[in-house]
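Computed from heavy atoms alone, side chains included, the values below leave out hydrogens, waters and symmetry copies.
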Amino acid sequence: MTKKMIVRADDLGYSEAVNLGIAKTVHEGLINNVGFMVNMPTSQAGYDLIKDADIDLGLHVVICQGRPLTDATKIPSITAENGEFKASKVYRTAKNDFVNLDEVVLEIEAQYQRFVEIVGRKPDYFESHAVVSDNLIKGLQIVAGRHQLNFLKFLWDDQPITLHGKKLYMYMESMGDNYDPYQTLKKAASAEYDDGYAMMVNHPGYLDWYILTHSSLTVPRTHEVAMLTDPKMKQWLLEHEIELIRYSQI
C-alpha cells in the first residue's frame with residue numbers, strides 16, 4: 001500500500017545561491033512544495049526559476065530578514081534603526097513578545113499582496129520563517145482568515161500541524177549536530193501515522209556571500225540539495241512505495 005508524505009523546501013527568494021539550489025531540487029529532484037519569501041531583492045528572480053513547475057507555492061512570511069514591504073516607521077516593533085527587520089536572534093533572546101499585533105498584520109498583509117502581484121494568485125499554503133512569537137501567529141491567523149488561506153500553524157512545540165483535518169508531523173533537523181538529510185528523509189518516510197502524514201521541511205540552497213553573512217544555516221543547505229536530487233533517493237522512495245504529495249492534495 002502506497003504511503004504519502006510531504007517534502008517541502010523553504011526560503012525561495014532568500015538569495016541568488018539559494019534560488020539556484022531550490023530550482024535544482026524542483027526541476028531535478030523531489031521538491032513539489034516551495035515556500036516563497038517575497039520581500040527580498042532576489043524574490044522575483046527566484047520565482048522566475050520555478051514559475052513553470054508543477055508545484056505548490058506557499059507564502060513564507062518573513063519578519064526577521066531583509067527589508068519590510070511596509071514603511072518601517074509604521075512598524076517599529078519589528079524593524080531596526082536601519083529600516084530592516086530585526087534579526088532572528090533578537091526574537092530568540094527576547095524575554096517578552098515585543099511584536100505589535102497591529103503592526104505585524106500590516107506587514108503580513110503587504111507580503112500577501114506582493115505574493116499575489118508576483119504569482120497572480122493566492123498561495124497554496126501560508127506559514128512563516130524562523131520566528132517564535134504569539135503575536136506573529138495571531139497576525140498570520142488574521143490574514144489567513146481574511147483571505148481564506150491554508151495556514152500551517154507551527155508552534156515550535158513538537159505538536160503536529162493540522163490542515164483540512166489531517167495532522168502533519170514535522171521533521172526538520174538541519175540545525176542539529178551531524179545532520180544527515182538522507183537519514184531524516186528515510187526516518188520521516190518510514191513513520192506510521194493513522195491520522196495524517198510525515199512532513200520533512202528542507203532549506204536547500206547553494207552558498208553565496210549574503211547567506212554566509214546573514215544565515216546561521218549554511219553547509220546543510222548544500223547537503224539537502226545533494227540528497228533531494230540524488231537518483232538513489234528517488235529510487236528508494238519508489239521501492240518503499242512512498243508518494244510525495246502537495247499540500248493541495250490533502
Over all heavy atoms of both residues, which pair between [X] and [Y] is shortest? Give the atoms and the distance, please.
| X | Y | value |
| --- | --- | --- |
| P68 | G83 | CD-O, 3.1 Å |
| I250 | L163 | CG2-O, 3.6 Å |
| Y197 | K4 | CD2-O, 3.4 Å |
| H60 | D11 | NE2-OD1, 3.1 Å |
| A110 | T70 | CB-OG1, 3.7 Å |
| S15 | I211 | OG-CG1, 3.2 Å |

Reported [atom1]-to-[atom2] distance for the pair [X] and [Y], which is rounded to 0.5 angstrom:
| X | Y | atom1 | atom2 | result |
| --- | --- | --- | --- | --- |
| S174 | D180 | OG | CG | 12.5 Å |
| K86 | I63 | NZ | CD1 | 10.0 Å |
| L140 | F126 | CG | CZ | 5.0 Å |
| S128 | Q111 | OG | CD | 10.0 Å |
| D97 | D134 | CG | CG | 5.5 Å |
| M175 | M172 | CE | CE | 8.5 Å |

Yes or no on side-chain contact (heavy atoms from CB on, under 4.5 Å) for S215 and R221, after CA distance, side-chain angles and deciding distance?
CA-CA 11 Å; S215 176; R221 293 180 186 270; 3.1 Å; yes

Please check: side-chain N/O of [X] versus main-chain N/O of [Y], any donor-acceptor pairing under 3.5 Å?
| X | Y | value |
| --- | --- | --- |
| N32 | I55 | no |
| N39 | Q65 | yes |
| Q148 | G145 | yes |
| N33 | I245 | yes |
| T218 | L212 | no |
| R67 | A72 | no |
| D195 | K166 | no |
| K138 | L101 | no |
| D56 | S248 | yes |
| S190 | K187 | no |

With side chains defined as the heavy atoms from C-beta onward, is the minimum distance between [X] and [Y] less than 4.5 Å?
| X | Y | result |
| --- | --- | --- |
| M5 | L185 | yes |
| Y206 | K24 | yes |
| L57 | Y47 | yes |
| Y247 | E127 | no |
| V38 | L69 | yes |
| E224 | P220 | no |
| Y14 | M40 | yes |
| V61 | L59 | yes |

Look at E107 together with K74 and state whether they make a salt bridge at an N to O cut-off of under 4.0 Å.
no

Could you give me the CA-CA distance, side-chain angles and deciding distance for M37 and L12, then say whether side-chain contact (heavy atoms from CB on, under 4.5 Å) is met?
CA-CA 6 Å; M37 302 165 71; L12 182 71; over 6 Å; no

Measure centre to centre between the rings of F151 and Y125, then say whether the value is under 6.0 Å.
no

Under the side-chain contact (heavy atoms from CB on, under 4.5 Å) criterion, do L237 and E243 qualify, and how do the steps go?
CA-CA 7 Å; L237 292 169; E243 178 186 357; over 6 Å; no

N/O donor to acceptor pairs below 3.5 angstrom from side-chain atoms of residues 225-234, sequence neighbours left out:
unit_1: T229; atom_1: OG1; unit_2: V225; atom_2: O; d: 2.7
unit_1: D230; atom_1: OD1; unit_2: K232; atom_2: N; d: 2.9
unit_1: D230; atom_1: OD2; unit_2: Y182; atom_2: OH; d: 2.8

Near E81 CD, under 6.0 Å, is it more than 12 heavy atoms from other residues, nucleotides or ligands?
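12 or below, so no.
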
Can you tell me if K153 has over 12 outside heavy atoms packed within less than 6.0 Å of its NZ?
no

Which atom pairs, one a donor and one an acceptor, fall under 3.5 Å between side chains of residues 113-123 and the rest of the protein, sequence neighbours left out?
unit_1: Q113; atom_1: NE2; unit_2: E109; atom_2: OE2; d: 2.7
unit_1: R121; atom_1: NH1; unit_2: D124; atom_2: OD1; d: 3.4
unit_1: R121; atom_1: NH1; unit_2: D124; atom_2: OD2; d: 3.1
unit_1: R121; atom_1: NH2; unit_2: D124; atom_2: OD2; d: 3.2
unit_1: K122; atom_1: NZ; unit_2: H147; atom_2: O; d: 2.7

Verify whether one side chain among [X] and [Y] offers a donor that lies under 3.5 Å from an acceptor in the other.
| X | Y | answer |
| --- | --- | --- |
| S77 | E103 | yes |
| H129 | D10 | no |
| D71 | T73 | yes |

Going by side-chain contact (heavy atoms from CB on, under 4.5 Å), R8 matches just one of L152, V34, L168. Which one?
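It is L152; the other options fail the test.
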
Test of understanding: clusters of I, L, V, M, F, W, Y form through side-chain heavy atoms closer than 4.5 Å, transitively. Do F36 and L217 belong to the same one?
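Shared cluster, no.
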
Sorted by chain and number, sequence neighbours left out, side-chain contact (heavy atoms from CB on, under 4.5 Å) with T184 holds for Y171, E173, Y179, M200

Indicate the ring-plane relationship of Y91 and F98, choosing parallel, tilted or perpendicular according to the 30° and 60° boundaries.
tilted

Step-by-step side-chain contact (heavy atoms from CB on, under 4.5 Å) determination, I22 to I31
CA-CA 8 Å; I22 290 177; I31 291 299; 5.5 Å; no

